**Student:** 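Before we start, here is the structure in question, set down as structure tokens.
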Amino acid sequence: MQMECGLSAYSSSSSGTTTSGLRKEGRSPAKSQKDGLHVNFEPEKVEIQERKKKFLTAKYGTHQMSLIKKRLSVEMWVYDQLQNLFSCKDDSEVELDIDELLDIDEENARRNWLLGKLENAKSSREEVIKFTEELLKRAKTL
């Protein structure tokens with residue numbers, strides 16, 4: 001016989017239930033059998049690092065995506081042309097920022113700015129002027 005919460009409990013079966021409907025010692029038999037069992041989950045640092053490598057990809061509307069593609073195509077064209085003008089495999093000799101070009105309001109000022117950036121080009125003056133005029137046309141579409 002055991003006293004719990006002021007109620008007297010009498011064992012009526014071997015399953016652990018009492019006549020008052022309370023379980024012995026306040027525990028279920030399943031829990032008392034599992035008391036000695038436990039698993040320690042220690043996540044490895046590799047798994048944590050792999051989870052941190054996930055990136056969020058933004059979704060753009062069709063109009064915004066077409067503007068991005070247009071801008072990217074102009075930038076790739078500029079990159080290729082600069083490689084040809086400077087006869088190099090990387091663009092380390094000149095840096096041409098399209099945003100700076102677009103910030104200039106007047107076309108003549110844009111042309112002068114571009115020619116100033118391209119004055120050390122290894123290509124002929126005619127090729128530099130041709131590139132400048134084509135870039136000014138493409139810049140109007142951005």
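Bear in mind the structure is a predicted one, so any value in this text is a computation, not a measurement. Only this structure's heavy atoms are used, side chains among them; waters, hydrogens and symmetry mates stay out.
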**Student:** How close do W113 and L96 get, heavy atom to heavy atom, and via which atoms?
**Tutor:** CZ3-CD1, 3.6 Å
**Student:** Using the rule that Ile, Leu, Val, Met, Phe, Trp and Tyr join whenever any side-chain heavy atoms are under 4.5 Å apart, tell me whether L142 and Y60 fall into a single cluster.
**Tutor:** no
**Student:** Atom CG of D99 and atom CD1 of I104: how far apart are they, to the nearest 0.5 Å?
**Tutor:** 11.5 Å
**Student:** Which distance, rounded to the nearest 0.5 Å, do you find between the CG of N120 and the CG of L85?
**Tutor:** 12.0 Å
**Student:** State whether K130 and E134 are salt-bridged, where the test is any N-O pair (Lys NZ or Arg NE/NH1/NH2 against Asp/Glu carboxylate O) under 4.0 Å.
**Tutor:** no
**Student:** Would you kindly confirm whether V74 and L67 end up in one hydrophobic cluster when ILVMFWY residues are joined by side chain heavy atoms under 4.5 Å apart?
**Tutor:** no
**Student:** Less than 4.0 Å between a side-chain N and a carboxylate O, is that true for R71 and E75?
**Tutor:** yes
**Student:** How many angstroms lie between atom OG of S123 and atom CD1 of I129, to the nearest 0.5 angstrom?
**Tutor:** 12.5 Å
**Student:** Side chains of Y79 and Q83: is there a donor and an acceptor less than 3.5 Å apart?
**Tutor:** yes
**Student:** So among L102, L135, D105, which one has a side-chain contact (heavy atoms from CB on, under 4.5 Å) with R110?
**Tutor:** L102
**Student:** Taking R111 for the side chain and E133 for the main chain, is one N or O donor matched with an acceptor at less than 3.5 Å?
**Tutor:** no
**Student:** Do the non-hydrogen side-chain atoms of L118 and L82 ever get within less than 4.5 Å of each other?
**Tutor:** yes
**Student:** Is the closest basic N to carboxylate O distance between E95 and K117 below 4.0 Å?
**Tutor:** no
**Student:** Quick one: CG on L72 to CE on M65, what's the gap to the nearest 0.5 Å?
**Tutor:** 8.5 Å
**Student:** To the nearest 0.5 angstrom, please state how far the CD atom of E127 sits from the OG1 atom of T132.
**Tutor:** 11.5 Å
